[in-house]
Amino acid sequence: MVAKIKRQIGGLSLLAKLGLLLLALLLLLAAILLLVFLLPRHHRRPLPPGSPPVNASDPDNIVAFDFSPFLILYKSGRVHRMDGTDRVPAGVDEATGVTSKDVVIDRSTGVGARMYLPPAKGAGKKDLGGALPVLVFYHGGAFVIESAFTAKYHDYLNKVTAKARVVAVSVDYRLAPEHPVPTAYDDSWQALNWVAKNGKSGPEPWLRDRGNMSRLFLAGDSAGANIAHNMAMRAGKDGGQLEGGVAITGILLLDPYFWGKNPVGAETTDPARRRQYEATWSFICDGKYGIDDPLVDPLSMPAPEWRKLACSRVAVTVSDLDDFKERGKAYAAALRDSGWGGEVEEYETAGEVHVYFLDKPSSPKSAKELTFVAGYLSHE
């Protein structure tokens with residue numbers, strides 16, 4: 001058969017042979033086109049648009065100080081806060097019935113406060129005018145984050161106000177690094193004297209009409225506890241009284257932030273950890289005060305200085321797993337041993353970390369500590 005086909009092709013003229021070759025080429029081309037257009041084609045997805053290149057030499061991108069998990073300071077001065085920047089409105093709290101409102105203390109600096117008033121008692125249990133203790137509260141946050149208006153502190157103050165039945169003033173002081181220590185102390189002192197003045201003569205009605213300034217307490221957690229201690233110390237150095245002759249009844253230090261150069265008790269001896277705490281304190285105060293300054297290390301004070309603490313009652317709470325526990329306990333012991341004539345109470349929570357009661361407000365341990373706090377503030 002093949003030989004017969006060859007003979008037939010061989011008998012064709014040259015022109016016919018060229019025609020057959022052209023026909024074969026056309027058929028081959030048609031077959032190729034058929035494959036191209038009829039078989040499924042796979043398309044590569046387009047690449048997403050690229051991020052703009054980061055200028056590594058831009059001061060706005062160069063880290064000057066990493067204070068994680070609180071904030072990062074960049075060389076340009078830009079501050080990126082990682083936590084404690086939320087804000088919730090004042091009003092009536094459905095869970096407790098407590099009413100809150102915001103007040104301005106100094107318009108030039110922006111210092112203000114959120115005030116809290118407990119609900120009226122039921123029939124036959126009406127509060128008498130001016131019968132409520134007054135609580136000035138300083139929030140924590142390592143002096144660099146949080147405010148009087150964040151959800152964490154708003155919820156906590158609602159609970160304390162309802163359970164202890166106090167008029168509470170939660171102070172919003174300015175933060176480092178934009179305003180290094182001692183700004184937080186100065187703002188807190190101004191707010192404390194604003195409370196004392198209004199409690200005696202107004203015009204703030206919640207303090208003037210509902211507050212009993214003979215039962216004035218200062219409290220705070222962590223850095224706020226540090227502030228509360230230093231406010232009582234400053235009052236003692238100013239003659240023991242605030243504006244209008246108002247005296248501080250007691251201070252409540254919740255997991256207080258104190259530190260120092262040398263370890264106390266079972267405090268960590270890890271050099272890196274201790275250098276870290278020393279570096280963050282230097283950052284907070286812009287290097288103005290050393291780690292053994294009495295502002296951060298009250299244990300460095302001699303006994304006569306302790307006796308200037310301007311109140312008659314002190315309560316210190318600590319948490320078992322807190323790095324600051326040992327120094328909080330040493331604070332209470334040093335105060336007792338100094339010859340200071342007041343009453344010192346201590347409260348310790350086992351198996352918990354620093355200010356756990358703010359992060360786990362519904363836990364049984366938090367409820368138990370809240371009962372202690374309320375009892376301390378309402379005890380006459």
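Residues in residues 91-101 take part in these salt bridge (Lys or Arg N to Asp or Glu O under 4.0 Å) pairs, two or more places apart or across chains: K101-E204. Under the side chain to side chain donor-acceptor pair (under 3.5 Å) criterion, the residue pairs touching residues 291-300 are D297-R327, with sequence neighbours excluded. Identified under the salt bridge (Lys or Arg N to Asp or Glu O under 4.0 Å) test for residues 183-203, with sequence neighbours left out: R174-D187, D186-R234. Screening residues 263-306 for ring pair (Phe, Tyr, Trp, His ring centres under 6.0 Å), with sequence neighbours left out, gives F65-F283, F67-F283, W259-Y277, Y277-F324, W306-Y331. Under the salt bridge (Lys or Arg N to Asp or Glu O under 4.0 Å) criterion, no residue pair touches residues 243-254, with sequence neighbours excluded. Applying the salt bridge (Lys or Arg N to Asp or Glu O under 4.0 Å) definition to pairs two or more places apart or across chains, none involves residues 131-141. Among residue pairs with one or both ends in residues 232-253, none qualify as ring pair (Phe, Tyr, Trp, His ring centres under 6.0 Å); sequence neighbours excluded.
Checked against salt bridge (Lys or Arg N to Asp or Glu O under 4.0 Å), K360 has the following partners two or more places apart in sequence or in another chain: E352. Legend: residues meeting side-chain contact (heavy atoms from CB on, under 4.5 Å) with S188, ordered by chain and number and at least two apart, are Y138, Y173, I227, M231. For K75, there are no salt bridge (Lys or Arg N to Asp or Glu O under 4.0 Å) partners two or more places apart in sequence or in a different chain. With sequence neighbours left out, D221 forms a salt bridge (Lys or Arg N to Asp or Glu O under 4.0 Å) with no residue at all.
Between the side chains of Y153 and N158, no donor N or O sits under 3.5 Å from an acceptor N or O. No donor-acceptor contact under 3.5 angstrom links the side chains of Y356 and S366, judged on distance only. Side-chain atoms of S312 and E343 form no donor-acceptor pair, as typed in the model, at a separation below 3.5 Å. S170 and H139 share no side-chain donor-acceptor pair at under 3.5 Å.
Listed here is the closest heavy atom pair of T317 and L254: OG1-CA, 3.2 Å. Nearest heavy atoms, A142 versus I284: O-CD1, 3.3 Å. The heavy-atom pair separating C285 from P180 by the smallest distance is C-CB, 4.0 Å. Of all heavy-atom pairs between V166 and V160, the closest is CG2-O, 4.4 Å.
Between D320 and K365, none of the side-chain N atoms (NZ, or NE/NH1/NH2) sits under 4.0 Å from a carboxylate O, so this pair counts as no salt bridge. Note on E278 versus R275: no salt bridge recorded, every NZ/NE/NH1/NH2 to OD/OE distance being 4.0 Å or above.
Classification of the F258-H229 ring pair by plane angle, with boundaries at 30° and 60°, yields perpendicular.
Under the 4.5 Å side-chain criterion, counting only non-hydrogen atoms from C-beta, P203 is in contact with N198. At a threshold of 4.5 Å between non-hydrogen side-chain atoms, the residues T268 and R274 count as touching.
Taking the six-membered ring where the residue is Trp, the centroids of Y376 and F217 are separated by under 6.0 Å. Taking the six-membered ring wherever Trp is involved, the centroid distance between the rings of Y156 and F357 falls below 6.0 Å.
Its side chain within the 4.5 Å cluster rule, Y74 clusters with V63, I72, M82 among the Ile, Leu, Val, Met, Phe, Trp and Tyr residues.
Among D102, V88, D86, the one residue that satisfies the side-chain contact (heavy atoms from CB on, under 4.5 Å) test with F149 is D102.
In terms of modelled atom types and a separation under 3.5 Å, the side chain of T150 and the main chain of E146 share no donor-acceptor contact.
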